[in-house]
Amino acid sequence: MAGKPKLHYYDGRGRMDSILWLLAAAGVEFEEKFMETSKDLEKLRNDGSLMFQQVPMVEIDGMKLVQCRAILNYIAAKHNLYGRDTKERALIDRYIEGMADLNEMFIFLPITPPDEKGAKITQIKESTTNRYFPAFEKVLKSHGQDYLVGNRLSRADIHLVELIYYVEEIDPSLLANFPLLKALKARISNLPNVKKFLQPGSPRKPPMDEKCLAKVKEIFQLK
């Protein structure tokens, strides 16, 4: 019997966060192996665990998987969250790629210089309400189903709700004009596995604070 997946990253949000969400939604138990210093990252590099010298890295089913898309695609396919055929998978990929730019804004927001952060938040708000939320609201309206693709849960729904939570941390009012997205958020949030993940004490990570940011800078040798 395969052991639990082992997730190698720092103890905070970043590129591992979507992997946490997907594993949690799939009901998969996992272990987290946190890097604390740059020496921990260097050890992973030196022992050959990181194909491209980068984290996240997930040990799963005898593999040491790197590159977020590869990790997420594998988990989604293994747990029936990646469509029933090639057409559904293409739609899921389209929506995921559409979310990627907005997700990148959130990933880089904590390391944005203080004098640029206000402008970055304004950009996120404008992109959310003028581009991303309207696009996904339109998808849900076009077919009148509960989920984005095939009327069943997929990784596209999970990652969209993940993004909705990030957006609401900046400004809860941004979701007000998108009733179908509000309904999707409620629907996904009440799934037993996701509901458990959203409870205090779960592996879900809070917004990055100064202490976590300092650790990230030390691990990755950022100025």
Side-chain angles (χ1 to χ4, degrees), residues 1-2 4-5 7 13 15-30 56 58 60-61 63 65 67-104 106-107 128-129 131-169 172 174-199 202-205:
M1 182 176 177
K4 297 177 183 178
L7 282 52
R13 285 190 188 172
R15 297 194 183 279
M16 185 66 86
D17 221 35
S18 291
I19 297 168
L20 292 183
W21 270 85
L22 191 59
L23 285 169
V28 178
E29 294 185 0
F30 51 85
V58 175
I60 185 171
D61 296 340
M63 300 180 287
L65 276 182
Q67 299 300 310
C68 291
R69 286 188 183 92
I71 296 167
L72 290 164
N73 288 348
Y74 181 79
I75 293 167
K78 180 176 180 177
H79 296 285
N80 299 314
L81 294 168
Y82 205 3
R84 284 170 285 208
D85 54 35
T86 54
K87 183 176 180 180
E88 287 191 356
R89 186 166 294 192
L91 292 174
I92 290 168
D93 286 342
R94 179 175 70 175
Y95 300 148
I96 293 293
E97 292 303 312
M99 298 173 204
D101 289 343
L102 182 58
N103 193 46
E104 286 288 298
F106 282 103
I107 288 174
T128 295
T129 55
R131 179 183 297 182
Y132 297 105
F133 279 7
F136 290 111
E137 184 82 3
K138 184 177 180 180
V139 170
L140 292 168
K141 186 176 181 179
S142 70
H143 56 49
Q145 297 173 344
D146 288 343
Y147 301 101
L148 287 169
V149 178
N151 203 27
R152 73 172 189 170
L153 182 68
S154 76
R155 60 172 294 214
D157 303 296
I158 295 160
H159 296 318
L160 179 54
V161 170
E162 175 191 354
L163 275 173
I164 290 172
Y165 274 96
Y166 296 159
V167 167
E168 289 190 314
E169 288 174 352
L174 297 181
L175 192 61
N177 294 325
F178 303 97
L180 298 180
L181 291 183
K182 288 175 69 175
L184 180 71
K185 179 197 170 192
R187 190 176 302 118
I188 303 301
S189 298
N190 281 302
L191 295 173
N193 289 331
V194 178
K195 190 172 185 177
K196 181 179 177 182
F197 183 63
L198 294 172
Q199 297 302 309
S202 83
R204 184 183 177 214
K205 303 298 183 283

Please give me the minimum heavy-atom distance between Val161 and Trp21, naming the atom from each residue.
CG1-CZ3, 4.4 Å

Trace of the side chain to side chain contact (heavy atoms under 4.5 Å, CB included) decision for Phe136 with Leu180
CA-CA 9 Å; Phe136 290 111; Leu180 298 180; over 6 Å; no

Using atom types as modelled and distance alone, determine if a side-chain donor or acceptor of Ser142 lies under 3.5 Å from a backbone N or O of Val139.
yes

Examine distances only and state if a side-chain atom of Asn73 and a backbone atom of Ala70 form a donor-acceptor pair shorter than 3.5 Å.
no

Would you say Leu175 and Leu181 make side-chain contact, with heavy atoms under 4.5 Å?
yes

Would you give the length of the straight line joining atom CD1 of Ile75 to atom CG of Leu65, rounded to the nearest 0.5 angstrom?
8.0 Å

Taking the side chain as every heavy atom from C-beta outward, state whether Glu137 and Pro179 have any pair of such atoms under 4.5 Å apart.
yes

Which pair of non-hydrogen atoms, one from Pro5 and one from Val58, has the smallest distance, and what is that distance?
CB-CG1, 4.3 Å

Taking every non-hydrogen atom, the tightest pair across Asn193 and Ala25
ND2-O, 3.3 Å

Is Arg152 close enough and on-axis enough to Tyr147, meaning under 6.0 Å and within 45°, for cation-pi?
no

Do the rings of Phe106 and Tyr166 sit parallel, tilted or perpendicular, given the 30° and 60° boundaries?
tilted

Checking Asp61 against Tyr74 for the side chain to side chain contact (heavy atoms under 4.5 Å, CB included) test, could you report, in this order, the C-alpha distance in whole Å, the side-chain angles of both residues, the deciding distance, and whether it holds?
CA-CA 10 Å; Asp61 296 340; Tyr74 181 79; 2.5 Å; yes

For the atom pair OG (Ser18) and CG (Leu163), what is the distance rounded to the nearest 0.5 Å?
7.0 Å

Separation of His159 NE2 from Leu148 CG (nearest 0.5 Å):
11.5 Å

Determine the minimum heavy-atom distance between Ala156 and Tyr95, stating which atoms define it.
CB-CB, 4.3 Å

Under 4.5 Å between any side-chain heavy atoms of Leu153 and Ile188, yes or no?
yes

May I ask you to check whether over 12 heavy atoms, not counting those of Glu29, lie within 6.0 Å of atom CD?
no

Give the intermediate values and the outcome of side chain to side chain contact (heavy atoms under 4.5 Å, CB included) for residues Ile158 and Val194.
CA-CA 9 Å; Ile158 295 160; Val194 178; 5.6 Å; no

Nearest 0.5 Å, what's the CG-CD1 distance between Leu23 and Ile60?
6.5 Å

Heavy-atom closest pair, residues Pro203 and Phe197:
C-CE1, 4.1 Å

Determine the minimum heavy-atom distance between Ile92 and Ser154, stating which atoms define it.
CD1-CB, 3.6 Å

Looking at Asn151 and Asp146, would you say the former's side chain and the latter's main chain have a donor-acceptor pair under 3.5 Å?
yes

What distance separates Asp101 CG from Arg131 CZ, expressed to the nearest 0.5 Å?
7.5 Å

Answer yes or no: is there a donor N or O on one side and an acceptor on the other, between the side chain of Ser189 and the main chain of Lys185, under 3.5 Å?
yes

Does the Arg155 side chain pair with the main chain of Leu72, one donor and one acceptor, at a distance under 3.5 Å?
no

What distance do Glu168 atom CD and Ile164 atom CD1 have between them, rounded to the nearest 0.5 Å?
7.0 Å

Checking Arg15 against Gln67 for the side chain to side chain contact (heavy atoms under 4.5 Å, CB included) test, could you report, in this order, the C-alpha distance in whole Å, the side-chain angles of both residues, the deciding distance, and whether it holds?
CA-CA 9 Å; Arg15 297 194 183 279; Gln67 299 300 310; over 6 Å; no

Distance under 6.0 Å and angle within 45° of ring axis: Arg204 vs Tyr165
yes

Counting only heavy atoms not in Arg84 (residues, nucleotides, ligands), do more than 12 fall under 6.0 Å from its CZ?
yes

